[in-house]
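Report on the structure given below.
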Amino acid sequence: MPAPHADPIVAIASAPGRGAVGILRLSGQDLSPLAHAWLGQTLQARHATYLPFPDASGLPIDHGLALYFPAPHSFTGEDVLELQAHGGPVVLQRLLTRALDVAGSLGEHGEILPRLRMARPGEFSERAFLNGKMDLAQAEAVADLIDASTEAAARSAAASLSGAFSLEVNRLRDALVHLRMLVEATLDFPEEELDFLQQSDAHGQLERLRAQLARLQREARQGALLRDGLKVVIAGQPNAGKSSLLNALAGAELAIVTPIAGTTRDTIGQTIQIEGVPLHLVDTAGLRDSEEPVERLGIARAWGAIGSADLVLFVHDLERQAMPLYRKADQDIALRLAAALPERVPVLHVWNKSDAQPVLPGEPTAHANTVLMSAKTGAGLDAVRQHLLSLAGWQADTGARFSARQRHVQALGRVGVHLAQAEVQLSQAAKALDLLAEELRLAHNALGEITGAFSADDLLGVIFSSFCIGK
């Protein structure tokens with residue numbers, strides 16, 4: 001029985017809906033007989049041919065371009081046939097149905113044509129990976145380029161697709177393999193008097209490896225930030241100016257703003273970008289004790305959003321700071337935030353309404369992670385943006401030369417743990433070379449997870465199932 005990825009597959013490769021052009025994509029082994037049986041002619045490789053796409057009775061479903069890419073010079077490494085027709089959903093569905101009908105019928109010379117099946121999400125890219133047309137990091141960059149929400153994210157994804165991230169990973173891998181070779185040589189020839197490790201500066205090589213890894217980790221974190229962005233939840237008491245801050249950051253009137261406390265009853269989301277970094281802002285209901293059922297539901301949703309935040313903007317009202325009850329409520333919210341948030345999640349304290357209330361000496365606005373601003377006038381808004389980027393870990397001078405995912409960052413973290421343990425083994429007076437070799441092997445395997453050199457099948461399933469159908 002052939003492997004699942006050996007079956008010929010077909011899918012509509014263009015986005016759902018109506019458009020000027022729609023694409024039907026087929027991939028498999030030796031698709032030329034199927035193309036001839038359907039289209040009535042032999043297609044010239046890598047040339048666009050304008051012709052009718054006939055139905056079972058010979059009448060044209062549509063006229064368009066057919067392109068045939070013989071293996072291995074195609075996206076998937078197999079034969080690929082693409083039909084470019086008008087982008088109506090009915091037209092594309094008829095083409096898809098006809099392709100499935102032609103497969104399994106008799107070919108030009110009486111042979112039975114191989115049956116097609118519908119492609120799974122991401123299966124074309126998966127086949128490109130399995131056939132060596134790209135590594136796993138490049139395959140993931142295909143989806144990242146499609147999903148990019150900012151220009152900077154698109155540029156970094158395109159760089160990863162071209163191999164920029166893989167190149168850095170492979171450079172680190174080559175240096176690691178060289179060090180492993182030295183350690184294994186020492187283990188294989190213990191009778192030799194020569195100290196391979198000392199003469200080859202194993203300590204220096206390992207230090208340089210760790211420094212190279214640290215640089216790659218910094219760049220990968222920047223790339224992951226550009227790809228994923230941050231979920232920023234705006235929290236605080238009613239009428240502190242949370243919705244006004246959302247509107248000011250988004251540059252649009254997204255949330256209703258009134259002097260009536262409790263206007264916001266549900267979470268309101270909007271994605272913005274600051275220096276190319278996507279930030280997913282969530283405005284929430286004012287946090288207070290309430291007996292009103294709808295408001296209580298909104299407050300519960302607010303705390304739910306806070307619990308999943310990457311960063312919290314805690315908005316304070318300077319005008320009401322002189323009121324003891326208000327200050328006490330702010331303190332209670334701060335304590336509950338500290339209990340609800342993981343230690344890694346920062347809180348930026350935004351002191352709003354600076355246009356109406358002067359700041360007195362001793363006010364907490366001088367503390368770290370605090371910004372003084374006015375959502376009404378816009379004063380201090382740029383400072384809020386810069387603090388958000390700083391707390392997110394964005395370094396504008398470093399930027400991101402490639403896109404990365406959290407699994408890449410985590411894999412590099414495991415590489416770092418194993419290299420640190422290798423340093424411990426190498427630094428001991430009585431060197432445990434077998435343990436040193438094992439730590440280097442584990443570091444090598446963790447690095448290979450990024451490009452797919454060492455990847456479990458279930459990991460591949462998770463990665464490619466998140467792709468769109470037809471890609």
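Just the heavy atoms: all of them, side chains too, but no hydrogens, waters or symmetry mates, feed the values below.
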For Ser160 and Ser403: C-alpha separation, side-chain torsions, deciding distance, then whether side-chain hydrogen bond (donor to acceptor under 3.5 Å, both in side chains) applies. CA-CA 6 Å; Ser160 279; Ser403 66; 3.3 Å; yes
Is a donor from one side chain sitting under 3.5 angstrom from an acceptor on the other, for Gln237 and Asp330? yes
Would you confirm whether Thr76, through its side chain, and Ala128, through its main-chain N or O, come within 3.5 Å as a donor-acceptor pair? no
Given side chains that start at C-beta, do those of Gln205 and Leu182 come closer than 4.5 Å, heavy atoms only? yes
Can a side-chain donor-acceptor contact be found between Glu449 and His408 if the only test is distance below 3.5 angstrom? no
Main-chain N/O of Gly452 paired to Asp135 side chain as donor or acceptor, under 3.5 Å: no
Please determine whether salt bridge (charged side-chain N to carboxylate O under 4.0 Å, His left out) holds for the pair Arg210 and Glu207, giving the CA-CA distance in whole Å, both sets of side-chain angles, and the decisive distance to 0.1 Å. CA-CA 5 Å; Arg210 296 184 69 186; Glu207 288 178 2; over 6 Å; no
When you measure from the side chain of Arg320 to the backbone of Asn239, do you find a donor-acceptor pair of N or O atoms at a distance under 3.5 Å? yes
Quick one, Glu438 and His418 - any side-chain contact, counting heavy atoms below 4.5 Å? no
Side chains of Leu426 and Leu206: closer than 4.5 Å at any heavy-atom pair? yes
One pair to check against side-chain contact (heavy atoms from CB on, under 4.5 Å): Leu447 and Leu213. What are the steps and the verdict? CA-CA 10 Å; Leu447 198 60; Leu213 172 64; 5.5 Å; no
Count the heavy atoms belonging to other residues, nucleotides or ligands that lie under 6.0 Å from CG of Leu335, then report whether that count exceeds 12. yes
Just by distance, do the side chain of Gln222 and the backbone of Gln217 share a donor-acceptor pair under 3.5 Å? no
Give a yes or no answer on whether the side chain of Asn352 reaches the backbone of Asp317 with a donor-acceptor pair at less than 3.5 Å. no
Closer than 3.5 angstrom, by distance alone: can the side chain of Ser427 be matched with the main-chain N or O of Val424 as a donor-acceptor pair? no
Counting only heavy atoms not in Asp174, do more than 12 sit closer than 6.0 Å to its CG atom? yes
Phe129 and Phe464 aromatic ring geometry - parallel, tilted or perpendicular at 30°/60° bounds: tilted
Closer than 3.5 angstrom, by distance alone: can the side chain of Thr284 be matched with the main-chain N or O of Ile234 as a donor-acceptor pair? yes
Between Ser166 and Thr451, do the side chains contain a donor N or O and an acceptor N or O under 3.5 Å apart? no
Charged N-O contact under 4.0 Å between Arg155 and Glu151: yes
Hey, are the side chains of Val232 and Val312 touching, using non-hydrogen atoms and a 4.5 Å cut-off? no
For Ser465 and Pro121, work out which heavy atoms get closest and say how close. O-CB, 3.8 Å
Salt bridge check, Arg288 against Glu295: does any charged N sit closer than 4.0 Å to a carboxylate O? yes
Please check this pair: side chain of Asn369 against backbone of Pro346, looking for a donor-acceptor N/O pair closer than 3.5 Å. no
Would you say the side-chain atoms of Lys133 pair up with the backbone N or O of Pro72, donor to acceptor, closer than 3.5 Å? yes
Determine the minimum heavy-atom distance between Ala446 and Val415, stating which atoms define it. CB-CG2, 3.7 Å
Worked check of side-chain contact (heavy atoms from CB on, under 4.5 Å) between Val384 and Gln386: CA-CA 6 Å; Val384 173; Gln386 293 308 310; over 6 Å; no
Basic-acidic side-chain contact under 4.0 Å: Asp283, Lys242: no
So which heavy atom on Val183 is nearest to which on Ala437, and how close? CG1-CB, 3.8 Å
Yes or no on side-chain contact (heavy atoms from CB on, under 4.5 Å) for Arg336 and Trp303, after CA distance, side-chain angles and deciding distance? CA-CA 10 Å; Arg336 189 169 175 183; Trp303 282 112; 3.3 Å; yes
Got a donor-acceptor contact below 3.5 angstrom from the Ser14 side chain to the Gly22 backbone? no
Counting only heavy atoms from other residues, nucleotides and ligands, does the tally under 6.0 Å from NE2 of His280 exceed 12? yes
Could you tell me whether Lys328 and Asp332 have a side-chain N and a carboxylate O separated by less than 4.0 Å? yes
Could you walk me through whether Glu168 and Arg215 satisfy the salt bridge (charged side-chain N to carboxylate O under 4.0 Å, His left out) test, starting with their C-alpha distance in whole Å, then the side-chain angles of each, then the deciding distance to 0.1 Å, before giving a yes or no? CA-CA 10 Å; Glu168 296 300 321; Arg215 290 193 296 271; over 6 Å; no
Output every pair passing ring-ring contact (aromatic ring centres under 6.0 Å, His included) with a member in residues 368-389, not counting sequence neighbours, ordered by first then second residue. none
For His444 and Arg180, test the side chains for any donor-to-acceptor distance below 3.5 angstrom and give the result as yes or no. yes
Might you point out which heavy atoms bring Asp310 and Gly229 nearest each other, and give the distance in Å? OD2-O, 4.5 Å
Under a plain distance cut-off of 3.5 Å, with no hydrogens placed, do Ser27 and Glu78 share a side-chain donor-acceptor pair? yes
Go through it in stages, so that I can follow the logic: the residues are Arg208 and Asp201, the test is salt bridge (charged side-chain N to carboxylate O under 4.0 Å, His left out), and I'd like the CA-CA distance, side-chain angles, deciding distance and then a yes or no. CA-CA 11 Å; Arg208 289 189 290 275; Asp201 187 25; 3.6 Å; yes
Is any side-chain heavy atom of Trp351 closer than 4.5 Å to one of Val371? no
Lys376 side chain to Ser244 side chain, donor-acceptor N/O pair below 3.5 angstrom: no
Please name the pair of heavy atoms, one in Arg227 and one in Ala404, separated by the smallest distance, quoted to 0.1 Å. CD-O, 3.4 Å
Where Ala240 and Val315 come nearest, the two heavy atoms and their spacing: O-CG1, 3.4 Å
So Gln321 and Tyr326, do their side chains get closer than 4.5 Å, heavy atoms only? yes
Do NZ/NE/NH1/NH2 and the carboxylate oxygens of Glu123 and Arg127 come within less than 4.0 Å? yes
Between His316 and His349, what is the ring plane arrangement, given parallel below 30°, perpendicular above 60°, and tilted in between? parallel
May I ask you to decide whether Arg405 forms a salt bridge with Asp144, counting only side-chain N to carboxylate O separations under 4.0 Å? yes
Is the shortest heavy-atom distance from the side chain of Leu172 to the side chain of Leu209 under 4.5 Å? yes
